[in-house]
Amino acid sequence: MKNYDAFPVDALMNITSRPELVFIRGQGSWLWDNTDKRYLDFVQGWAVNCLGHCPAVIADTLARQARRLITPSPAFYNQPAIELAARIVENSCFAKVFFANSGAEANEGAIKLARKWGALNKAGAHEIITFDNSFHGRTLATMSASGKPQFKDLFEPKVPGFFKATINDLDSVTDLISDRTVAVMIEPVQGEAGVIAASDAFLRELRELTRREGVLLIVDEIQTGMGRTGTLWGHQHAGIEPDIMTLGKMLGGGVPLAALVATRAVTCFAPGDQGGTFNGNPLMTAVGGAIMDTVLAPGFLEDVNEKGDYLRAGLVALSERYQLGGVRGRGLLVALDLKRERAGEIVDRARDAGLLLNAPRPQTLRFMPALTVSVEEIDTMLEILNEVVAESRIIT
Ligand SMILES: *Cc1c(COP(=O)(O)O)cnc(C)c1O
């Protein structure tokens, strides 16, 4: 890899094994590396770039806002933050928004808000029930909240007070509830676990149970929010109204922006309890506003649903052709079960063939394209994947 050797990557901490290429530019569903090779991107910054790479609306908004005001300080109001918070509130069952810079930070805020609420209203109840294989971030508290097996023995001692239930098993939640419990925290679809959905019935039962027990329901919509599953928020499929929601990833469409969103009744932070230097800065919240306008435009979410159906139908056909394990997911958050632990190999072969995919589990491929992906691009992805699967001889 001559061209790659020109990049002195040694100074970067080795936090993940990266392929030997360097991305230089992107446009829509496509990325170009340092040799000018083109890749069809079904990872999109880890389900982040809802409008694809470098959309004009983000470039223009950043340029315009950067000339106006970048950071006045979180201790002052700014117009883009006020407007984006209002848009989120108008289009949800929530009343209050706190902006953050990453999903983990938003979840950290949700945990703090729940614990404060428990201190004020439930005699210091502070335990939070989360789920096996869940993923809530990489700060110490959010790693403790996560049910990712690889996190279990890392960076001990972790933050206490998190207990793991089993998704779609209400009894496993009931068994963990005590008068120390303040909240249940759940991803409507577990993304990093391999696109495992909480059923609509389970979410409704969970809402009933938490109401009855006086326990808060927190939905981590960092991966499922902003239209990813075909509704603006993932919990809307179940028709429930949670107490707290967290957003990240597609909220900024590629720039660092996240949010902690809550009902009026549970918002109990007093001045000084929560904050952060870059939180709610106008440069990022202006982008969030532009993304929100795009996603809420008439027809946008219908289009996401149609393309999600199209993608799933294509993958179902491929799964049947090679007797794989079937397709899961909703909207444009989709997984293909390979039925054998060959996903890493398929990802490597696909990349060589000019297609970027993700393997959240050893036997699972995840598809998280831009919400603006075209039907032709889905066809191209399916063609490349078909060839890669055929050539890899994973079929025995
Ligand atoms: C990505 C993700 C997070 C963490 O967000 P970061 O921005 O990486 O901190 C948390 N929860 C879910 C469901 C996610 O998909």
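Predicted, not measured: the structure shown is a model, and the values here were computed from it. Starting from 1, each residue takes its place in the sequence as its number.
Phe23 pairs by the ring pair (Phe, Tyr, Trp, His ring centres under 6.0 Å) definition with Tyr39, not counting sequence neighbours. Every residue two or more places apart in sequence or in another chain that forms a side-chain contact (heavy atoms from CB on, under 4.5 Å) with Asp41 is listed here: Leu31, Val43, Gln44, His53, Leu356. With sequence neighbours left out, the ring pair (Phe, Tyr, Trp, His ring centres under 6.0 Å) criterion links Phe163 to no other residue. With sequence neighbours excluded, no residue forms a side-chain contact (heavy atoms from CB on, under 4.5 Å) with Pro74. Residues forming a side-chain contact (heavy atoms from CB on, under 4.5 Å) with Phe300 (at least two apart in sequence, or on another chain): Leu51, Thr294, Val295, Val304, Leu371, Thr372. Scanning for side chain to side chain donor-acceptor pair (under 3.5 Å) contacts around Arg25 gives Asp36, with sequence neighbours left out. Every side-chain contact (heavy atoms from CB on, under 4.5 Å) that Asn168 has, sequence neighbours left out, goes to Ala198, Ser199, Phe202.
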Distance-only criterion, 3.5 Å: show the donor-acceptor pairs between side-chain atoms of residues 269-278 and protein atoms not counting sequence neighbours.
from   : atom 1 : to     : atom 2 : distance (Å)
Asp273 : OD2    : Lys116 : NZ     : 2.6
Asp273 : OD2    : Ala270 : N      : 2.8
Gln274 : OE1    : Lys112 : NZ     : 2.7

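Between Arg207 and Asp243 a salt bridge is recorded (basic side-chain N to carboxylate O distance below 4.0 Å). The existence of a salt bridge linking Arg342 and Glu345 is confirmed by a sub-4.0 Å separation between a basic side-chain nitrogen and an acidic carboxylate oxygen. Salt bridge annotation for Arg351-Asp348: present, with a cationic side-chain nitrogen under 4.0 angstrom from a carboxylate oxygen. The pair Asp200-Arg330 meets the salt-bridge criterion, with a side-chain N (NZ, NE, NH1 or NH2) lying under 4.0 Å from an Asp/Glu carboxylate O.
Residues in residues 245-265 take part in these side-chain hydrogen bond (donor to acceptor under 3.5 Å, both in side chains) pairs, two or more places apart or across chains: Asn107-Thr246. Sorted by first then second residue, the side-chain hydrogen bond (donor to acceptor under 3.5 Å, both in side chains) pairs that include residues 298-319, not counting sequence neighbours, are Asp303-Lys307, Asp309-Arg312, Tyr310-Asp379. Applying the side-chain hydrogen bond (donor to acceptor under 3.5 Å, both in side chains) test to every pair with at least one member in residues 85-98, sequence neighbours left out, gives these pairs: Arg87-Asp293. Listed by first and then second residue, the ring-ring contact (aromatic ring centres under 6.0 Å, His included) pairs involving residues 96-124 amount to none (not counting sequence neighbours).
No side-chain donor-acceptor contact under 3.5 Å links Gln223 to the backbone of Leu247. Of the possible donor and acceptor atoms, one in the side chain of Arg366 sits under 3.5 Å from a partner among the backbone N and O of Gly191. Between the side chain of Lys158 and the backbone N or O of Lys152 there is at least one donor-acceptor pair closer than 3.5 Å. Remark: side-chain polar atoms of Ser102 are paired, donor with acceptor, to backbone N or O of Glu105 under 3.5 angstrom. Under a 3.5 Å cut-off, the side chain of Thr224 and the backbone N or O of Gly234 do not form any donor-acceptor pair. In this structure, the side chain of Ser392 engages the main chain of Val388 through a donor-acceptor pair within 3.5 Å.
Judged purely by distance below 3.5 Å, without hydrogens or angles, the side chains of Asn78 and Asn281 never pair a donor atom with an acceptor atom. His237 and Thr229 share a side-chain donor-acceptor pair at under 3.5 Å.
Of all the heavy atoms in Ala125 and Thr181, the pair that sits closest is CB-O, 3.8 Å.
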